[in-house]
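To start, the structure under review is shown below, and the notes come after it.
In the text below, chain A, chain B and the rest are named by the order of the sequence lines, each starting its count at 1.
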Amino acid sequence: MSKKLIVLFLGLVPLLCTCFSPDTPSDRRVLVLLDDFAIKSSHSIFFNNLKSRGFDLDFKLADDPTISLQRYGQYLYDALILFSPTIERFGGSIDAAAILDFVDSGHDLIVAANGNASDLIREIATECGVDFDEDSSALVIDHSGYAVSATEGDHTLIASDDFIKSDVILGSEKIKAPVLFQGIGHSLNPSNSLVLKVLSASPSAYSANPKSKLTSPPSLTGTSMSLVSVVQARNNARILISGSLSMFSNRFFRSDVQKAGSPTKHDKSGNEQFVTELSKWVFHERGHLKAVNVKHHKVGEVDEPAIYRINDDLEYSVEIYEWSGKTWEPYVANDVQVQFYMMSPYVLKTLSTDNKGYYFTAFKVPDVYGVFQFKVEYERLGYTSLSLSKQIPVRPFRHNEYERFIPAAYPYYGAAFSMMAGFFIFTAVHLYHK
Amino acid sequence: MLLLPRMSSNLARLLLLLLFAFSICDAVALPGPISDRHRSAALELFAPQHGSFASLEESYEALRIFEILAVREKPDVRATTCPKVLENLVSSTPLKDLFYALKVNGILKCKVNGDIFKDIASRLKATVKDAKTLVDLYYSIGSLLLIKDQASDVDVLLADADGTFHSIKALSQSDGKWRYTDKPESSTYAAGLALEALAGVITLASSEIDQSRVNLVKNDILKLFDSIEKYDDGTFYFDEKLVGGHEHQGSISTTSSVVRGVFAFAAVTSGKINLPGDKILGLAKFFLGIGIPGDAKDLFNQIESLALLESNRISIPLILSLPASVYSLSNKDKLKVRVNTVLGSAAPPLTVKLVRAFSTVAKDSAVIQNKDLKYDQNSGHHVLDVLPDEVDVGIYVFVFEMVLHDADGEKVYATGGQIHVPIYVTGIVKVSNAEIAVLDNDLGSIETQKTLDLAGNDIVSLSANHLQKFRFSFQLTTPRGHAFKPHQAFLKLKHETKYEHIFVVGNAGKKFEIVLDFLGLVEKFYYLSGRYDIELTVGDAVMENSFLRPLGHLELDLPEAPTSKAPRLPPLAVDPYTRYGPKAEITHLFRTPEKRPPTQLSLIFLSLTLLPLIGFLVGLLRLGVNLRNFPSSAAPATYAILFHLGIAAVLVLYVLFWLKLDLFTTLKTTALLGVFLLFVGHRILSHLATTSAKLKSA
Amino acid sequence: MARSTSKDAQDLFRALWSAYSATPTNLKIIDLYVMYAVFTALIQVVYMAMVGSFPFNSFLSGVLSCVGTAVLAVCLRIQVNKENKEFKDLAPERAFADFVLCNLVLHLVIMNFLG
Amino acid sequence: MAASDAPNGDVLIRNAFGSVLAFLILLLIGVLAFSIRLFSVIKYESVIHEFDPYFNYRVTQFLTKNGIYDFWNWFDDRTWYPLGRVIGGTVYPGLTLTAGTLYWFLHSLNIPLSVETVCVFTAPIFSAFASWATYLLTKEIKGVGAGLTAAALLAMVPSYISRSVAGSYDNEAVAIFALIFTFYLYIKTLNTGSLFYATLNSLSYFYMVCSWGGYTFIINLIPMHVLLCIVTGRYSSRLYIAYAPLVILGTLLAALVPVVGFNAVMTSEHFASFLVFIIIHVVALVYYIKGILSPKMFKVALALVVSIGLAVCCAMVAVIIALVASSPTKGWSGRSLSLLDPTYASKYIPIIASVSEHQPPTWPSYFMDINVLAFLIPAGIIACFSPLSDASLFAVLYIVLSVYFSGVMVRLMLVLAPAACILSGIALSQAFDVFTRSIKFQLPSLSDHSHIDARDASSEKVVLDDTIKTDKNEDTPKERMTKRSKKKEKEPVEKPPTKFQIKKRLSVLPFEASIIAVILLVLLVAFYVVHCVWAAAEAYSAPSIVLTSHSNDGLHVFDDFREAYAWLSHNTDVDDKVASWWDYGYQTTAMANRTVIVDNNTWNNTHIATVGTAMSSPEKAAWEIFHSLDVKYVLVVFGGLVGYPSDDINKFLWMVRIGGGVFPHIKEPDYLRDGQYRIDSMATPTMLNCLMYKLSYYRFVETDGKAFDRVRRTEIGKKYFKLTHFEEVFTTHHWMVRIYKLKPPKNRIRGKNKKSKSKTSSTTTSKRKGTRRNPF
């Protein structure tokens with residue numbers, strides 16, 4: 001307890017803070033907004049897990065008038081956890097815009113909603129590209145994929161195991177037990193390339209009010225409905241949005257799970273592993289890349305020129321590292337590509353690598369002059385996107401760089417010189433002939 | 001009161017909310033009593049690191065929990081803990097540690113000789129006398145209490161009990177809360193401590209405490225219970241607004257501290273504190289509802305409070321719980337009810353009475369009226385052996401009541417009156433005579449009709465155009481033969497381009513039918529012709545055989561989209577795995593160099609171009625060219641030679657220029673040579689001119 | 001008719017020849033010089049027609065140097081021609097000097113353009 | 001040489017005196033030409049004007065800094081991003097090299113003038129040269145008097161002033177001199193028939209090619225003249241000498257200039273010269289044979305040779321036609337096509353038509369630019385026909401052609417001006433000649449006053465002139481010079497004496513008439529002078545970079561352009577790309593030193609069309625286009641607040657046309673409300689939503705309550721709107737230049753849900769406050 005006081009103190013003093021910085025991307029100070037302090041106890045396993053991973057959690061009531069995200073224009077926290085689904089108006093200086101600015105300045109966010117999520121929470125989610133079911137009384141119901149339970153009669157407690165297939169997001173270890181989910185579903189805008197469906201509903205699931213009869217088809221049905229989604233913003237800020245707060249709760253962590261129709265009964269649900277791995281990703285303990293030492297030069301030279309000539313041969317190299325949570329490890333992949341780009345890529349090559357994070361290639365400058373760019377635009381599922389571009393002009397031949405003494409032109413040369421010779425002879429002859 | 005704004009908003013919302021409110025307030029899943037899972041959790045939460053716990057406080061909590069839960073395979077920490085206890089007792093440690101040392105000692109019974117207790121006691125009395133803060137009083141008085149029942153020979157009685165009592169009471173607030181110090185902000189947690197301390201004072205009082213004061217405290221307790229908070233599932237708890245300066249107490253620790261205080265106080269005071277039983281029961285429910293806490297502190301508070309509730313003097317909550325609230329008609333389940341105390345020990349003799357049971361859809365028509373459950377000795381369950389035929393699949397609310405056998409039990413036990421329990425009666429719903437048909441539009445003449453057995457998995461394939469209709473129908477009947485309206489009855493048409501269209505299948509009685517008139521739907525279908533897969537989903541909470549199955553596919557040909565308002569298709573979800581990934585490589589095509597002629601040819605022509613020069617020379621000879629005009633005298637001759645040398649020089653310079661020189665050097669040199677040429681040329685030419693003039697004149 | 005024309009042509013050429021043979025040798029030299037230039041030019045044109053005009057600048061300079069030489073020679077011939085009344089007062093030496101200058105410029109340009 | 005046939009000493013003295021006088025006059029003319037162009041410097045400051053001059057200035061700076069070779073191979077990566085531009089290969093280096101040499105020369109003399117100063121004063125200096133060249137040319141045509149008059153006229157002809165005031169540092173400034181001088185040398189060669197002048201001629205032609213694209217005018221005019229001479233039977237071997245070497249050397253030299261290169265032989269502007277080259281050879285051959293054959297044989301020969309010759313010609317024509325057909329744009333580059341067919345440009349090449357100076361001129365502009373000369377030209381033509389020499393024929397041809405061309409393009413007024421000056425110079429001098437002589441004959445009494453023997457008519461005239469002529473020092477030497485020049489070269493004008501006799505007999509006008517006529521002429525000239533001075537002072541010396549306006553409350557100076565460029569250069573990153581309509585490209589690169597997308601060198605139509613499309617697209621599309629070009633800032637010029645008429649909104653239709661020419665989805669009709677272009681409430685939605693409109697009128701309503709556009713004289717259609725993809729970063733003091741920044745792409749993509757109403761949320765709160773969920 002007293003430890004937490006110190007944490008809080010640390011959090012409030014911006015000078016002492018270890019800020020979220022590009023060289024150590026993973027977060028340190030996390031603000032947790034609750035709408036009931038009991039959540040701190042009821043979800044303590046999740047929080048303790050975070051603490052054990054070295055995060056400084058700062059618990060506040062969401063309507064606490066003293067809370068603020070930044071002071072003197074500097075953010076006090078690296079990440080924000082919104083476990084206050086019902087909050088209508090944050091206390092202090094925080095509002096939806098403030099939270100979105102927080103994200104837009106590169107910080108991370110975890111939002112958990114539930115059955116009676118407030119419009120504020122819904123709006124924040126929407127701003128991040130996640131559309132919760134507009135029917136505020138709807139819950140996700142699945143009559144085929146529910147979790148068998150003696151007490152939960154209406155099938156709103158769902159055992160879902162349709163995870164996204166990405167080691168970088170969910171960790172390399174497979175999640176065996178299904179994840180318990182009880183809450184509201186959301187849909188993603190298909191054209192939105194930033195948001196990913198991490199846990200999607202089963203084909204038979206739908207989102208409706210279990211207490212009232214259905215007249216019109218529900219807006220969200222089947223696999224197109226998403227239960228848990230992550231967003232990676234263009235500035236690589238990461239957002240986790242879950243339709244269920246209780247997904248993080250001790251009860252779900254602890255409880256056993258049996259998916260309807262499946263004989264196997266796991267005596268522990270997959271929630272803990274799922275949530276933990278997910279939080280690792282969200283807090284940049286995984287999948288954060290950086291590129292350094294972008295170099296290019298003519299073949300056989302060392303320092304990079306101010307301008308290339310057409311048809312030069314050049315070499316390009318870059319080093320890419322991944323943040324492992326503690327240190328920068330070399331990133332190993334075989335699909336990093338570089339473009340030599342002027343309005344459209346003239347050359348697009350896959351870089352070869354030495355598996356120690358060093359990527360390199362060599363190619364010939366096109367015989368088109370202009371201002372080109374070396375572009376590396378590396379986007380992979382779950383990884384932060386790398387986008388390097390380096391401008392370099394390409395000039396045509398100088399007047400004296402063209403080929404000379406071409407055999408094909410010998411006759412012309414010959415003619416020209418014979419003319420000169422003839423001229424010389426002629427002068428003499430013409431002058432002195434009598 | 002609350003309704004008015006809702007009225008002002010729309011009616012649909014009102015109904016919906018009412019429904020919601022109802023469902024919440026009258027149907028809650030009941031938490032069961034403490035079970036073995038708590039024991040295992042306790043063991044894992046209170047795992048001693050190499051033989052001992054981190055602090056005395058924790059070790060006390062651990063031992064206490066093990067004691068309450070009667071955990072058998074508890075870790076033996078006596079050997080490691082007792083020395084700690086002793087050292088804390090002998091050395092003058094802060095009150096808190098002393099307090100917990102004594103508590104631990106109380107459980108472990110380490111060997112401590114009497115006079116240690118003596119001087120601790122004297123020290124404590126001193127502190128009690130001039131303690132100002134509530135916490136100090138609490139610890140010191142608590143310690144004295146502990147000494148009292150650990151070493152009976154030590155005199156721990158407070159001389160000035162009244163004064164102490166007063167000094168504690170002085171910290172109380174009008175709303176029943178207490179203050180830690182004389183600072184204004186009050187706290188519920190503190191109230192718990194204060195009450196416990198007061199209880200201690202009363203026990204330790206050498207002389208009887210003035211009854212009026214005790215009653216004042218009792219009023220404080222009642223006031224305190226007015227500020228109790230309530231969750232929507234009928235559980236009660238105390239919560240704590242953050243108090244400056246003191247670490248914040250969560251609802252669990254606050255509640256448990258209050259519980260501790262109140263019951264301690266109740267235990268030592270004569271006469272009953274008349275607290276409403278349902279609040280006690282609500283507190284019990286609260287602690288049970290926590291389930292298994294995540295960390296040790298919460299577990300301790302939960303268990304200890306429950307233990308106190310288990311045996312308190314005010315009213316002992318009895319917990320009515322159902323092992324299962326979902327009953328399947330198909331495998332003739334029996335309705336079982338258990339009644340326990342919070343810690344799961346058996347309840348006093350009583351009968352559980354099912355006051356009535358009604359379906360959530362028809363609230364006022366009860367399906368069962370006053371029925372007693374039979375008590376089954378060996379299982380300890382109260383059983384309703386057979387459900388009457390009126391009970392069909394569906395969601396019901398059963399209302400139970402406990403009737404204690406001995407009359408005055410009411411005063412001792414809190415039963416909580418009528419208990420509403422939601423019961424899901426599930427069963428297998430019969431799906432029969434499903435048929436699927438394509439009709440001609442205007443005169444509903446059937447073109448193709450197929451019947452299919454939905455239980456099996458047979459598939460139909462149809463074809464239709466936009467002038468036709470599609471009809472699909474089936475029947476649902478409950479085990480009891482009534483019509484059944486599932487919550488989910490969707491018909492899904494999925495185009496090969498993954499565009500889905502979902503329709504709710506409506507029903508008339510048992511018969512479910514949907515008719516799709518494609519003429520009206522072309523717009524909705526984005527004018528997409530082609531193969532549509534048909535899928536049927538039928539599901540309900542009480543339907544055990546909820547299913548989602550393909551019915552086959554429909555070849556649909558729709559008219560072309562009118563170019564005027566071609567519906568732009570909504571974007572389809574992109575598969576995230578294909579969205580990324582490497583692009584195809586691009587390599588630049590270089591301009592092909594001009595074709596070169598063979599070198600020999602060039603050489604041949606080189607020689608050819610030189611031929612005319614030869615011809616020229618030959619021709620000159622043929623013409624009999626002579627240089628007789630060459631000046632004979634010396635000076636002009638030299639000029640002549642120089643002149644031609646100059647020209648030659650310029651020409652050679654040109655050749656050099658072509659070979660390597662650059663333009664400007666060439667120009668400069670040419671200029672120089674030019675001057676020279678000008679001079680020489682002028683001389684020689686004028687000479688020639690004069691000679692020729694002479695010739696003419698001559 | 002054809003005979004007559006051919007006959008005309010014959011004695012025309014005879015006449016031409018006689019008339020031409022009257023021209024002084026130094027003019028003949030110039031004519032020879034012109035011929036030589038023209039032929040060189042023709043050969044190059046043939047070559048170009050065969051292999052295509054790849055080094056176009058070389059081709060241009062080659063041909064134009066020939067043509068230029070020829071043209072300048074013709075100019076010289078016009079100026080030094082005794083019969084030509086227009087240039088009575090222009091001394092042939094002066095003409096020659098201009099000719100040399102012109103040629104030197106021409107060749108400079110050619111060299112620059114030859115590539 | 002004058003000595004050779006001067007009968008006695010005092011004539012010699014007089015000639016010497018005359019020549020000195022003439023020299024002095026020329027000097028004065030030079031001074032006049034120079035000084036009349038300094039108004040801009042005096043009234044404003046020593047700045048570069050217009051748009052193109054800024055580019056030339058920048059190039060000159062580069063040249064003086066990096067030397068000639070780097071200049072030759074200069075690849076400029078700061079314009080036409082991302083294509084870049086090979087400056088060395090696409091610019092006419094004449095002007096730059098001239099200024100550069102001037103600069104180096106001055107510095108070698110330790111006169112530390114800044115590059116800018118040199119550039120500013122290049123044009124006036126060369127206009128002085130130009131007037132001297134005019135003198136020479138006219139002298140070759142019609143003698144000294146005409147020469148001097150013409151020189152004086154040219155020194156102050158407005159249309160030339162308009163392009164050569166101090167600060168307008170543009171190709172034409174130098175080119176006109178080169179043009180006239182080339183013509184002079186051509187005529188000189190034609191008159192003397194010496195190879196030396198022919199060489200010089202081709203060299204100065206080379207200089208012309210270096211300086212201006214207008215050189216095609218020469219390479220077409222001269223062949224025409226040659227052809228005309230041949231047709232009118234005026235072939236002479238001098239013609240051959242004047243022409244043949246010019247073609248060969250000229251072509252070679254032209255091909256040396258990178259920007260021309262192979263065009264000198266590939267494009268069909270030059271074909272005419274080759275054709276005539278062939279023809280003249282055939283003709284020369286014919287004449288030669290004619291010379292050496294007896295007439296009877298010649299008949300036969302003629303038949304033969306002509307037939308052969310014709311055959312050859314036809315073959316050549318065929319070849320040329322084929323070439324023309326094969327070469328791109330039928331071998332004619334757009335600008336010259338628009339010369340031959342005035343409607344061509346507006347039909348096919350909007351980008352050419354869009355330039356105001358490519359529009360056909362209006363009659364007032366004729367009066368404005370050449371003023372009274374317009375009326376003197378016919379007289380000059382008549383004068384040229386009596387008698388007709390090769391030279392005067394050339395003059396006539398020149399005037400006719402240039403009149404036609406100037407009728408097609410305003411900027412070619414410039415070519416017309418010298419011709420006009422020459423002819424009116426001739427006209428004036430002839431007129432004065434006639435009148436004065438007739439006056440003299442009216443006053444025999446005066447003749448004995450003259451202490452000079454009356455043998456020499458001209459000498460007597462001198463005295464008369466002294467007594468009567470107002471502008472004597474312009475006329476007295478004239479006669480002398482003419483005489484001397486006539487004496488000097490025999491061949492071209494062998495009949496002057498006879499001519500004089502005729503004149504004397506014919507032109508005896510009544511005395512008063514002559515006096516009045518002379519006075520009228522003088523008045524005319526005076527009026528011309530006044531007009532020219534006014535034009536130089538008021539009309540043509542405003543540097544369009546700094547604007548002034550006289551209003552009732554005095555003079556306003558609008559220095560917004562430089563304000564904006566200064567802002568750019570101080571507040572943006574060096575590598576930022578600035579997009580604007582191409583008019584401002586040169587200035588942006590030169591003054592703000594920022595990379596631009598397109599500029600006034602309109603060599604890549606597609607690129608300009610891209611920018612045009614962006615400007616005429618709605619915001620989002622425009623943003624995407626600009627973003628794909630890495631544009632950081634967008635610059636628009638807006639005159640609506642101060643009523644600056646040539647702003648982007650007025651140019652906007654051209655952007656639409658040019659854009660639509662390449663990207664068909666931009667359709668001009670979408671921007672026109674039933675045929676007319678309007679920005680008020682009647683404007684089409686496409687217009688009101690296009691980027692140009694938004695960027696121009698963003699926040700405009702905040703200036704005065706009702707957003708009244710002073711240029712279009714209406715209230716704008718859409719007043720209140722927000723920019724979603726652009727943000728305003730700078731607007732100059734008079735709102736003439738507005739700079740916007742592209743917003744970065746959105747960090748998050750928003751979902752589809754609507755924003756929740758506050759009302760529902762309030763109800764839900766009331767609901768939720770009731771009971772709280774148990775989190776456990």
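- Summarising the geometry, atom CD1 belonging to B:I586 is positioned 13.5 Å from atom CZ belonging to A:F340; distances are rounded to the nearest 0.5 Å.
- Contact annotation for B:P486: neither backbone nor side-chain heavy atoms come within less than 4.5 Å of a heavy atom of chain A.
- For a residue to count as touching a neighbouring chain, one of its non-hydrogen atoms must lie under 4.5 Å from one of that chain's; by this rule B:F590 touches chain A with backbone and side chain alike.
- Per-residue heavy-atom pair counts under 4.5 Å with chain A were compared for B:T426, B:N626, B:L613, and the maximum is reached by B:N626.
- Close approach to chain B, defined as a heavy atom under 4.5 Å from one of its heavy atoms, is seen in A:I141, A:H143, A:S144, A:S149 of residues 141-149 of chain A, taken by number.
- Between A:H155 and B:Y424, the gap from one ring centroid to the other reaches at least 6.0 Å.
- Of the two parts of B:L685, only the side chain, counted from C-beta on, holds a non-hydrogen atom closer than 4.5 Å to a non-hydrogen atom of chain A.
- Both the backbone and the side chain of A:L381 come within contact range of chain B, judged by heavy atoms closer than 4.5 Å.
- Under a 3.5 Å cut-off, the side chain of A:N48 and the backbone N or O of B:D295 do not form any donor-acceptor pair.
- Under a 3.5 Å cut-off, the side chain of B:Y577 and the backbone N or O of A:K165 do form a donor-acceptor pair.
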Query raised in the report: Where do B:T537 and A:T221 land on the side chain to side chain contact (heavy atoms under 4.5 Å, CB included) test, with the steps shown first?
Result: CA-CA 11 Å; B:T537 320; A:T221 58; over 6 Å; no

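- Heavy atoms of B:R596 lying under 4.5 Å from chain A belong exclusively to its side chain.
- No part of A:S249 comes within reach of chain B, as not one of its non-hydrogen atoms sits under 4.5 angstrom from that chain.
- Only the side chain of B:F616 comes within contact range of chain A, with heavy atoms under 4.5 Å apart.
- For B:T587, the part lying under 4.5 angstrom from a heavy atom of chain A is the backbone only.
- For chain B, the nearby part of A:F417 is the side chain; its heavy atoms alone come within less than 4.5 Å.
- Note on B:V504, B:L659, B:D540, B:I684: by heavy-atom pairs under 4.5 Å with chain A, the leading option is B:D540.
- Of the two parts of B:I290, neither the backbone nor the side chain holds a non-hydrogen atom closer than 4.5 Å to a non-hydrogen atom of chain A.
- For B:Q488 (side chain) and A:S204 (main-chain N/O), a donor-acceptor pair under 3.5 Å exists by modelled atom type.
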Query raised in the report: Given the rule in the side chain to side chain contact (heavy atoms under 4.5 Å, CB included) test, do B:W658 and A:Y413 qualify, once you have shown the distances and angles that lead to the verdict?
Result: CA-CA 10 Å; B:W658 180 65; A:Y413 302 154; 3.8 Å; yes

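- Residues B:H487 and A:D154 form no side-chain contact, since every pair of their non-hydrogen atoms from C-beta on lies 4.5 Å or further apart.
- Formation of a donor-acceptor pair under 3.5 Å by the B:H588 side chain with backbone atoms of A:L348 is not found in this model.
- Using a 4.5 Å cut-off between heavy atoms, B:K297 makes no contact with chain A at all.
- Remark: A:I310 CD1 to B:R591 CZ distance equals 6.5 Å, nearest 0.5 Å.
- Residues B:Q600 and A:P407 are not in side-chain contact: their nearest non-hydrogen atoms beyond the backbone lie 4.5 Å or more apart.
- A:F47 does not touch chain B: none of its heavy atoms, backbone or side chain, sits under 4.5 Å away.
- Neither the backbone nor the side chain of A:V338 comes within contact range of chain B; no heavy atom of the residue lies under 4.5 Å from a heavy atom of that chain.
- For A:I164, the parts lying under 4.5 angstrom from a heavy atom of chain B are both the backbone and the side chain.
- When heavy atoms are compared at a cutoff of 4.5 Å, B:L688 approaches chain A solely by way of its side chain, counted from C-beta outward.
- Side chain of B:E585 to backbone of A:T350: a donor-acceptor contact under 3.5 angstrom is found.
- Listed for the A:R254 side chain is a donor-acceptor partner under 3.5 Å among the backbone atoms of B:I292.
- No part of B:I604 comes within reach of chain A, as not one of its non-hydrogen atoms sits under 4.5 angstrom from that chain.
- For A:N192, the part lying near chain B is the backbone, with the side chain staying farther off; criterion is any non-hydrogen pair under 4.5 Å.
- Contact of B:Y327 with chain A is not made at all, since no heavy-atom distance falls under 4.5 Å.
- Proximity to chain B (any heavy atom under 4.5 Å) is shown, for A:T156, by neither the backbone nor the side chain.
- How far CD1 of A:I406 is from OG of B:S602: 10.5 Å, rounded to the nearest 0.5 Å.
- Only the side chain of A:Q337 comes within contact range of chain B, judged by heavy atoms closer than 4.5 Å.
- Proximity to chain B (any heavy atom under 4.5 Å) is restricted, for A:F405, to the side chain, taken from C-beta onward.
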